[in-house]
Number of protein chains: 2
Amino acid sequence: MTTPPQTAPRRATITDVAREAGTGKTSISRYLNGEMSVLSPELRARIEAAIARLDYQPNQMARGLKRGRNRLIGMLLADLTNPYTVEVLQGVEAACHALGLMPLICHAANEVEMERRYLQLLTTYRVEGVIVNALGVREETLRPVGGGGIPAVLVDRLVDGLSADMVGLDNRAAAELGTRHLLEQGFDDIWFVVQPFEQVSSRQLRELAFRDAMRAQNAARAHTLVLDLADTAAVERGLAELDRAIEAGGDDRAMGKAGNAGTPGTTARVALFAANAPVALRLALHLKARYGAGWQTRVALLSIDDPDWAELAGITTIRQPTYEIGYRAVEFLHERIEGVQSAVRDCLLPGELIVRASTSR
Amino acid sequence: MTTPPQTAPRRATITDVAREAGTGKTSISRYLNGEMSVLSPELRARIEAAIARLDYQPNQMARGLKRGRNRLIGMLLADLTNPYTVEVLQGVEAACHALGLMPLICHAANEVEMERRYLQLLTTYRVEGVIVNALGVREETLRPVGGGGIPAVLVDRLVDGLSADMVGLDNRAAAELGTRHLLEQGFDDIWFVVQPFEQVSSRQLRELAFRDAMRAQNAARAHTLVLDLADTAAVERGLAELDRAIEAGGDDRAMGKAGNAGTPGTTARVALFAANAPVALRLALHLKARYGAGWQTRVALLSIDDPDWAELAGITTIRQPTYEIGYRAVEFLHERIEGVQSAVRDCLLPGELIVRASTSR
DNA sequence: CTGTTAGCGCGTTCAA
DNA sequence: TTGAACGCGCTAACAG
């Protein structure tokens with residue numbers, strides 16, 4: 001049974017409905033906006049019938065034009081490839097649904113230029129607010145948005161110089177949690193592996209907290225490795241450096257258990273601390289290639305973010321409350337849209353440690 | 001340096017620009033639409049200056065209202081959690097970018113009710129077309145869209161009773177490719193594992209092609225296992241069934257190499273054929289839990305879809321040309337929007353076999 | 001309770 | 001080459 005390719009019959013407008021119901025446009029408008037109390041049941045019934053008959057659906061664009069609010073919000077995403085992003089998005093969608101908002105999702109695919117273009121596009125569509133999770137937007141780009149312009153809420157990362165609400169992981173606490181766990185498990189040579197810091201505050205904060213935690217425990221061997229995943233050659237070099245460290249360290253994790261922490265000159269037990277899931281994946285792939293299927297028992301890997309393959313790879317993770325992050329972001333934005341003028345708010349949510357084979361004896 | 005929270009200065013309108021440039025709105029409109037030839041260079045310069053001074057940006061909504069086209073297209077997605085979807089999306093975005101379209105992304109999160117709601121919402125925003133990758137939309141829901149209504153293009157799955165362009169994997173060829181590979185590697189007891197078919201034509205097609213391929217090779221032991229990932233208890237039962245088969249089959253894959261294919265009563269070499277990535281993940285998790293880290297050498301797993309963790313898990317996959325699927329879908333849709341009236345088209349793209357440890361000796 | 005009127009920001013006649 | 005007037009689909013006064 002094929003649908004006939006007949007010419008598209010122009011969609012009914014409010015005027016059509018009014019004519020069909022034998023009344024004026026205003027009454028239709030009132031009906032649409034739920035002002036039922038001011039409509040006689042009789043008229044109301046006629047309107048309902050007319051709407052059904054014409055399969056009428058109000059034009060949001062026209063409404064928006066008139067009212068000055070179109071219920072659209074922009075959602076600028078740096079990288080949908082990162083499971084974190086998708087999970088946050090689910091929270092965003094749920095909240096939008098609950099608040100009658102419609103998110104315009106813009107995926108910049110890690111390209112700063114794209115971010116700029118999308119931000120401008122969103123402006124052009126007169127979104128009522130923006131949720132920003134971007135790689136390289138600077139204050140200038142966001143100025144017409146955040147300051148004096150439309151409301152903005154930052155997710156996961158700050159934009160320097162811009163004061164706006166922000167919601168994300170409590171990076172300091174999370175990095176400390178991870179570091180402490182590794183130290184407790186007896187690892188004393190820890191490599192924090194992170195993508196280039198760029199403008200991404202969360203990366204900076206995590207690394208900083210890691211170093212602080214190491215220092216606080218008098219654990220001398222703390223290293224930071226910056227891995228630009230987009231640069232194959234650089235990645236190779238970085239991984240080679242890790243290999244040297246791993247192979248100089250304890251040959252077997254079980255063996256090194258009583259290792260003398262921090263004492264220089266002795267074999268140390270090496271652990272890798274990935275700043276996020278993309279990094280962790282790259283590391284895991286390498287470790288598997290180099291040390292075989294059982295690599296988890298050879299070198300410890302802990303990651304912030306808890307992608308669905310973490311269980312499969314047996315890596316320890318710190319799971320972010322992604323859904324809630326997205327949900328809260330929309331709530332914040334909604335309040336701002338509604339005119340709340342309170343001081344800028346930061347919402348830092350705690351991460352949850354999930355211990356798996358790679359860091360347990 | 002904080003941005004002062006001054007009151008939002010109303011965005012400039014075309015009227016403001018006209019006044020600022022000392023001319024009428026019409027000229028501004030002409031300028032915006034690139035009709036430069038009809039503007040004196042002098043006026044044109046004044047307009048440019050005024051636009052810059054006011055930081056004017058035309059209101060897309062108003063334009064859309066007037067022109068009857070707002071450059072918006074809807075993109076209905078069944079499941080962003082599936083890496084396939086994200087990859088397709090990247091193709092969609094690239095094509096939209098190239099064609100001056102803006103995709104409204106709607107994520108139904110596998111809920112049929114959500115799909116209905118979003119479809120209606122899209123209608124309400126007067127999108128010019130829709131790309132549909134849905135779980136349960138029926139012809140009725142899509143009627144105002146596909147038939148006689150706004151143009152639609154289907155991705156990955158058909159909607160029964162609806163004739164619309166569609167683009168996706170050549171499921172038949174892909175399933176044959178996978179089946180042949182497994183048979184060639186000497187597996188003769190193959191389980192096709194798939195989510196409930198529902199309205200999803202691709203699932204049905206893959207399963208059908210699998211059975212056909214098995215029959216064509218006179219390979220007697222072909223099974224189909226339907227796994228409803230949302231139903232934990234049902235999954236457990238299904239997995240138990242698989243375990244029985246696996247453990248009844250050859251104890252070691254290397255051993256069974258010379259196994260007598262299809263002969264009943266002898267030990268057979270068991271392989272699992274996952275219909276897509278979510279299924280493959282569930283299977284891999286179970287196999288790892290039951291057979292340990294080296295499960296890949298114990299039981300073969302092949303999957304349609306090539307998620308980023310496939311390499312990590314060492315499973316053989318059939319990679320879909322996801323980016324191209326998304327890109328082509330938008331191209332098709334764009335043509336329809338532009339009024340192309342040709343017969344309904346199907347674009348079936350080939351998959352690529354990527355052999356990994358789990359199915360090679 | 002109901003209809004009339006005047007725009008929202010913009011594009012498109014049509015005259016000037 | 002330019003601009004004034006009208007209307008897109010809808011809402012918000014303002015009468016009745």
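Reminder, nothing fancy here: chain letters follow the sequence lines and each chain counts from 1. Keep in mind that this is a model prediction, so the values were computed, not measured.
Side chain of B/S201 to backbone of B/R157: no donor-acceptor contact under 3.5 angstrom is found. A donor-acceptor pair under 3.5 Å is formed between the side chain of B/N70 and the backbone N or O of B/Y125. Between the side chain of A/E20 and the main chain of A/R53, no donor-acceptor pair closer than 3.5 Å is present. A donor-acceptor contact shorter than 3.5 Å is absent between the side chain of B/N33 and the backbone of B/E35.
Here the side chains of A/I105 and A/L77 are in contact, with some heavy-atom distance below 4.5 Å. At least one side-chain heavy atom of A/I337 sits less than 4.5 Å from a side-chain heavy atom of A/I73. Contact check for A/I51 versus A/I47: side-chain heavy atoms found under the 4.5 Å cut-off.
When each of A/L65 and B/G22 is assigned the nucleotide of DNA chain D bearing its nearest heavy atom, the one mapping closer to the 5' terminus is B/G22.
Using a 4.0 Å cut-off between charged side-chain N and carboxylate O, A/R345 and A/E335 make a salt bridge. With salt bridges taken as basic N to acidic carboxylate O contacts below 4.0 Å, one links A/R69 and A/E338.
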Protein-proximity profile, nucleotides 11-16 of chain D, B/S/- by nucleotide at the 4.0 Å heavy-atom cutoff, equals BBBB--

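Distances shown here put every side-chain N or O of A/T13 at or beyond 4.0 Å from the OP1 or OP2 atom of D/dC8.
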Starting from the C-alpha separation in whole Å, work towards a yes-or-no answer on salt bridge (charged side-chain N to carboxylate O under 4.0 Å, His left out) for A/E113 and A/R117. CA-CA 6 Å; A/E113 176 54 23; A/R117 279 190 2 100; 5.6 Å; no

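Taking atom CG on B/L39 and atom P on D/dT2, their separation rounds to 6 Å, with Å as the unit. Following rounding to the nearest Å, B/Y125 (OH) and D/dG9 (P) show an atom-to-atom distance of 18 Å.
A 4.0 Å heavy-atom criterion places the boundary nucleotides of DNA chain C facing chain B at C/dG9 to C/dC14, written 5' to 3'.
Axis deviation across the helix from C/dC1-D/dG16 to C/dA16-D/dT1 amounts to 40°, comparing end segments of five pairs, rounded to 10 degrees.
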